[in-house]
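Working notes, beginning with the structure itself.
Throughout, protein chains are lettered first and strands after them, A, B, ... in sequence-line order, and every chain is numbered starting at 1. Keep in mind it's a predicted model, so treat the numbers as computed, not measured.
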2 protein chains.
Amino acid sequence: MAATLRDVADLAGVSFKTVSNVVNGYPHIRPATREKVERAIDELGYKPNLSARSLRSGRTGAIALAVPELNLSYFAELAGFVIAAAERADLVTLVEQTGGDRARELALLQSPRLRMTDGLILDPLGMRPEDAAALDVPFPLVVLGERTSDWPSDHVTMRNVDATRAGTEYLIASGRRRIAVIGEHEDEVIGSARLRLRGYREALEAHGIDYDERIVARAALWHRADGARAMRELLDRGAEFDAVFGFNDTLALGAMRVLQEAGLRVPEDVAVLGFDDLDEAAYSIPSLTTVDPGREWIARTAVETLLERIGRGGAELPPRTKLADFRIVERESAPRA
Amino acid sequence: MAATLRDVADLAGVSFKTVSNVVNGYPHIRPATREKVERAIDELGYKPNLSARSLRSGRTGAIALAVPELNLSYFAELAGFVIAAAERADLVTLVEQTGGDRARELALLQSPRLRMTDGLILDPLGMRPEDAAALDVPFPLVVLGERTSDWPSDHVTMRNVDATRAGTEYLIASGRRRIAVIGEHEDEVIGSARLRLRGYREALEAHGIDYDERIVARAALWHRADGARAMRELLDRGAEFDAVFGFNDTLALGAMRVLQEAGLRVPEDVAVLGFDDLDEAAYSIPSLTTVDPGREWIARTAVETLLERIGRGGAELPPRTKLADFRIVERESAPRA
DNA sequence: TCGCGATCCTACAACGATGCATATCGCCGG
DNA sequence: CCGGCGATATGCATCGTTGTAGGATCGCGA
């Protein structure tokens, strides 16, 4: 059996409370006592029982991160950054996958699985504006992704609209006029897909280019295969375009693959722009020009924001929204001008 | 404040232990009582306090997974599978990143951070054979990656040697003779890098091909950038080869990128073979022929194996080794024959 | 009517830690 | 020489749950 405070106390010849004080860095302890206790701790290999500690203290030292799936590189890289940021604050991270499914996202917010954590960072894909009430939970919550005005929680997110507007304008500035889009979600109201489409349309409008539904392709999920499928559809129906804006890098990479299979040259015939700046975007052939939405900043800030709320206990802070800066990373698939 | 068993009991007019019995599915409860209790639970939104439960029961309902980093797609996809498998067994998964660093791997095995879990699945990259003692831990442990004979824990792993031998033979069968390798770790004794090199050498030997150090390139980490760097080195020093075996897909993809920058055609001039069968291997240009080492099976089996040990409590099972089947996935970068 | 087992429910004591209140000591200033 | 204060160590209650043991209630046969 694992050693407890009592065992250590017996060995060191002090009360178990004193051991607790040593472990917790209580200042008023004579060096001699401290040393005796520490020796006993080492000898027994004592490790505090975290269940007991958190039962008593109300803190678990863990946070939860819920993303659609780690199989999508964007979320994997995001998760990596979140875990690293949490670790710096001495927190462990529990990762949940929702599949981007609304029902599972909502279920998770109710689930007792989270009672083991001090708070949740949620990246919802399926939730709708009317789900605001579900976000009114009795634990600290930071939502990643754009907020609607009445969502009650903290938000840390990217400038979806601004970034896609800038991306689209980048393509326009390089001389493209027929810019296809891959990744639309038609039944969505506030998700990234919808916001990115809005940015795209704003840019077109600002430059007097008509919006043409025929070159806007859906993709329910954002895997490579979905991008490939969408591009095949566009090609099959004979759509005309001189650029493609994939609403994320994996879509763009899947699409780029199909373009080249079809004998089209990138970027000569069709420029390709992605979104996310995944590690792999720098190593595709051709390398992928993309929008870096500030993923690492988002991860770090999400953890910080959650910690602020955890720190305050119940003290009410108003819901805050924090926005990352973005930038366009120019590579081969869509050269500037 | 969150509701407790007592609150529910008061509302339902029963003892708090009865509520506990209802929650835990104890069979001998009158339907009327059960219903009363359930109504009270709903009304108060009662959720069991997992810290208290696990303090009392000794089980936490969580497992830990330690991988080098989620930024590497292989580990991200593996983590996704592990989390999914754990969820099916009603376990949550806590993810740690070790950076593949020996010191951090060893530290993790001692860390109180794990006391919050029922067991650990560890994918060590930096540990050495002499670290066997560190694996003798007082909690259930499953190690991913090849075992040395005296490591005391369960192992679930891939057939590194067999798979690379088969991969190398596949290239040989397709007519290649100068097969470069990317990903060697010279200071390693038992890691995947060393084992894969062994498989490679066995295949060469079996076919009477001399091993040539000049076409074996190191890569300490296995990112795309490392593969690219290694390939640049090979090219710079004028190495001659007609195939490249990347010891994982990201290395192979990085290398393939550099090959094509250098004006070499894949597969005509140089065939490229990867290892892992990542999602993205199917969408590169050209698509990547690769060895599928049975990642999903490994994830599922690791969780099952850990659960068996958790179930037994302290009961001694001998350490077991379970090996996944592999297969070669033929794509464009290295066509068969 | 009583006895007896099955069924249903309850009381109490843990699990291992922390917070608070309190004891003990030595030392200083008045 | 005493009161009081800071430094050090302790004891007890408590967090919310489950395990164990035992008390109440019921139906049914004798």
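Within the 4.0 Å cut-off from OP1 or OP2 of C:dG16, not a single side-chain nitrogen or oxygen of A:Thr4 is found. Checking the phosphate oxygens (OP1, OP2) of D:dA9, a side-chain nitrogen or oxygen of A:Arg30 falls inside 4.0 Å. Remark: B:Ser20 is not in phosphate contact with D:dT17, judged by side-chain N or O atoms under 4.0 Å from OP1 or OP2. Between D:dA9 and A:Ser15, no contact under 4.0 Å exists linking OP1 or OP2 to a side-chain N or O.
Evaluation of atom-type donor-acceptor distances gives a pair under 3.5 Å for the side chain of A:Arg56 against the base of C:dT18. On a pure distance criterion of 3.5 Å, no polar donor-acceptor pair joins the side chain of A:Lys47 and the base of C:dG16.
Between B:Asp154 and B:Lys322 there is no salt bridge, since none of the side-chain N atoms of the basic residue sits less than 4.0 Å from a carboxylate O of the acidic one. Note on B:Glu35 versus B:Arg39: salt bridge recorded, some NZ/NE/NH1/NH2 to OD/OE distance being below 4.0 Å.
Side-chain contact annotation: A:Thr60 with A:Asp118, donor-acceptor N/O pair under 3.5 Å present.
When each of B:Asn21 and A:Ala52 is assigned the nucleotide of DNA chain C with its nearest heavy atom, B:Asn21 is the one assigned upstream, toward the 5' end. For the pair B:Tyr26 and B:Asn49, both in contact range of DNA chain D, the more 5′-proximal nearest nucleotide belongs to B:Asn49.
Following rounding to the nearest Å, A:Arg6 (CZ) and D:dC12 (P) show an atom-to-atom distance of 11 Å. Distance CG (A:Leu5) to P (D:dC12): 17 Å, rounded to an integer number of Å. Straight-line distance from the NE2 atom of B:His28 to the P atom of C:dA6: 10 Å, rounded to whole Å.
The shortest side-chain heavy-atom distance between A:Glu308 and A:Val142 does not fall under the 4.5 Å cut-off.
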Filtered N/O pairs between nucleotides 23-26 of chain C and protein, under 3.5 Å:
none

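Among the heavy atoms of the strands lying under 4.0 Å from A:Thr33 are primed sugar atoms or P, OP1, OP2 only; no base atom is included.
Residue-environment remark: CD (A:Glu304) exceeds the threshold of 12 foreign heavy atoms within 6.0 Å.
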(request) Could you please spell out the steps behind the side chain to side chain donor-acceptor pair (under 3.5 Å) verdict for B:Ser54 and A:Ser51? (result) CA-CA 6 Å; B:Ser54 64; A:Ser51 298; 2.8 Å; yes

